[in-house]
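The block underneath contains the structure these notes are about, expressed in structure tokens.
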Amino acid sequence: MGQCTQCNFCSCPKESEESGQVNFPFFHSIFSPNKTNNNQSPNNINSQFESVSTRNYNFNNLNLFQNTAPNDELTALEQIKLSNQEKKRFETMVRNSNISKERLDITSIKEESMISISNRLFINEIKEVPKTKYIVQRTLGVGTFGKVFLVQNKLTKELFAMKEIPKTSEDLLSDTEIIDEIEILKNLDHPDIVRITEFYNTDSSYYIINEYCKYGELFEQINKIFSETQIAVMFRQILSGLAYLHSNNIIHRDLKLENILISDIEKSYTTNEDLFLLKIIDFGTAKIFDKNKYPRAVVGSIYYIAPEVLLKKYGKECDMWSAGVILYMFIVGHAPFDGKTNREIMEKIKLGKFSRTEPRWQKASNEVKDLINKLLVLDRKKRLTAFEALQHPWFKVSNSSILYNNISKDEVLKCIQNLLNYSIKSKFEELVLAYIVHNIPRPKQAKTCIKLFKLANKNEDGKLLRNELKQTLLNFVSEEFLQNFDIIFSLLDGDNNGYIDYEEFLRATIDRKILINEKVLKLAFKFFDKDNMGFISKNRIKNDFVGTNMTEEVFNTIFDEIDLDKDGQIDFQDFKGMMMY
């Protein structure tokens, strides 16, 4: 982090910039599990503020939807798209699982919409030592600035990766550098980027708690020979992560195989080849990019560094050069620019000339060669962007969508039903659900939800737009059924930024029965009970999570709905009752 782990090439501080945010109105809903409306007919399903529940049908037992064999000529969504007759059956199922929703006072709706829920709320600086919450299992790796450990949460028994950065290290990073990395990680929400859950600051060290990727670094796989389909599946994820970072004006600046982890492995349904699911990590040298102020510090790892970085004037294009190096390494088996000394390597990088005579290069497809040539371009203005690279013909020729084509129609329908049935009582319930989704390792059943998000997100930037979501839903329900689509979209858009973030999508599509249990709720309760009093006070919620954006009257109404025994505080039973209806 912050320095080349191979050759101690360089290290430099990072600057921080401010970025703006777009607000978008929110409509919240009341969910009444004990309330039914016997007079409701299927024709009223699209009435304004109508509710839906989280109850699921067992599609496997119903046998109403035909599962077809994968067809490489069709997109993944086209393969699982419902016929008009199947849509009617599915719509009936969703209608029959609905629970009626009361219409809300419009003032309450507008006032709650001013509360923005984002991951930033959950990643605060903690002064105590991590051992109070985690047990160290073993060392995962040692880097320039510290160590990474496998740790287990004492309460939930879930595994995480903990990065320790000693403050007494000779290669000491400044507080600014550490905080800058945390601030960047707080804002990241993408399936191909590592997720941070906690940050500790003690007298002796900094500790960053991340999700655990049990299959290790992608670098460890470089000596294996992969098919172009396998490589395309991996590279597409890398580009998708970069597209998201660059759309948020973030430059990674140290993209390399060591900074890409394998979170999971699936089998190809056609060839039985391993398909790797990846996460980009280590944002110690990442930077918020200002188009009016080019970075000038030489940062990165020698084999992957872009020529313009060596010239000390560069932008996000430097990440695309590094991506080109990674792709070349998987096709050929070694770095395109090498040498006996750092100076020799740098001179070759500045010339931009690499070997095209290797046997593995000769055997590679013309399409992948073309993509590499368009990434390893000296003129950064002519280099492909992440979005442009994702549209390259190689991804279609290499069948890179194979990972997403291996998706069960039944499982997708469960996700879609959960989404259409998504409902919350209040912003506080949504806040707790957001904390759980962010901090608990993804259950196996979430794989389908993650794939569905990627399929829906056509430009792969991690931001699901209104039209993208609607077009995805229209594969499973009719236009008429989505008359209240704007309300559905607004319910999902918890931070009011005008698009659906990755974790917002997961909140709505993962089955709560799978996600939430007693241990998970105790973990969440401890987070909100910051005073360790055994209850959550009204003032704690208002001061820490609501602020002054809501009138006292509206806030009291919401609090009273949660405070079931009306004692002016939320104990664990109130908390549990709110989340496990």
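Values reported hereafter were calculated over all heavy atoms of this structure, with side chains retained and with hydrogens, waters and symmetry mates removed.
Between Phe505 and Tyr422, the ring center distance fails the sub-6.0 Å criterion. For Phe354 and Tyr328, the distance between ring centers is under 6.0 angstrom. Taking the six-membered ring wherever Trp is involved, the centroid distance between the rings of Tyr502 and Phe453 falls below 6.0 Å.
When every heavy atom of Cys449 is checked against every heavy atom of Leu506, the shortest pair comes out as CB-CD2, 3.9 Å. Residues His252 and Ile281 approach most closely at NE2-O, 2.9 Å, considering heavy atoms.
Checked against Leu413 for a side-chain contact (heavy atoms from CB on, under 4.5 Å), the options Thr448, Val94, Leu82 give a single hit: Leu82. For the salt bridge (charged side-chain N to carboxylate O under 4.0 Å, His left out) criterion with Glu308, the lone passing option out of Arg380, Lys316, Arg383 is Arg383.
Crowding of Lys369 atom NZ: a count of heavy atoms from other residues, nucleotides or ligands under 6.0 Å exceeding 12. Lys353 NZ: 12 or fewer foreign heavy atoms inside a 6.0 Å radius. Taking a 6.0 Å sphere around NZ of Lys186, one finds it holds more than 12 heavy atoms contributed by other residues, nucleotides or ligands.
With Thr197 contributing its side chain and Asn439 its backbone, the two residues share no donor-acceptor pair below 3.5 Å.
Glu198 is linked by a salt bridge (Lys or Arg N to Asp or Glu O under 4.0 Å) to Lys133, counting only residues two or more places apart in sequence or in another chain.
A salt bridge links Asp264 with Lys447; the closest basic N to acidic carboxylate O contact falls under 4.0 Å. Using a 4.0 Å cut-off between a side-chain N of Lys or Arg and a carboxylate O of Asp or Glu, Lys381 and Glu317 do not qualify as a salt bridge. Using a cutoff of 4.0 Å between basic side-chain nitrogens and carboxylate oxygens, Asp274 and Lys267 are scored as salt-bridged. Salt-bridge check for Lys463 with Glu468: failed, with every basic side-chain N at 4.0 Å or more from each acidic carboxylate O.
The aromatic rings of Phe122 and Tyr435 lie perpendicular to each other, with more than 60° between the two planes, well past the 30° mark.
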Verify salt bridge (Lys or Arg N to Asp or Glu O under 4.0 Å) between Glu460 and Lys454, making sure each step is shown before the conclusion. CA-CA 7 Å; Glu460 304 188 50; Lys454 289 189 170 187; over 6 Å; no

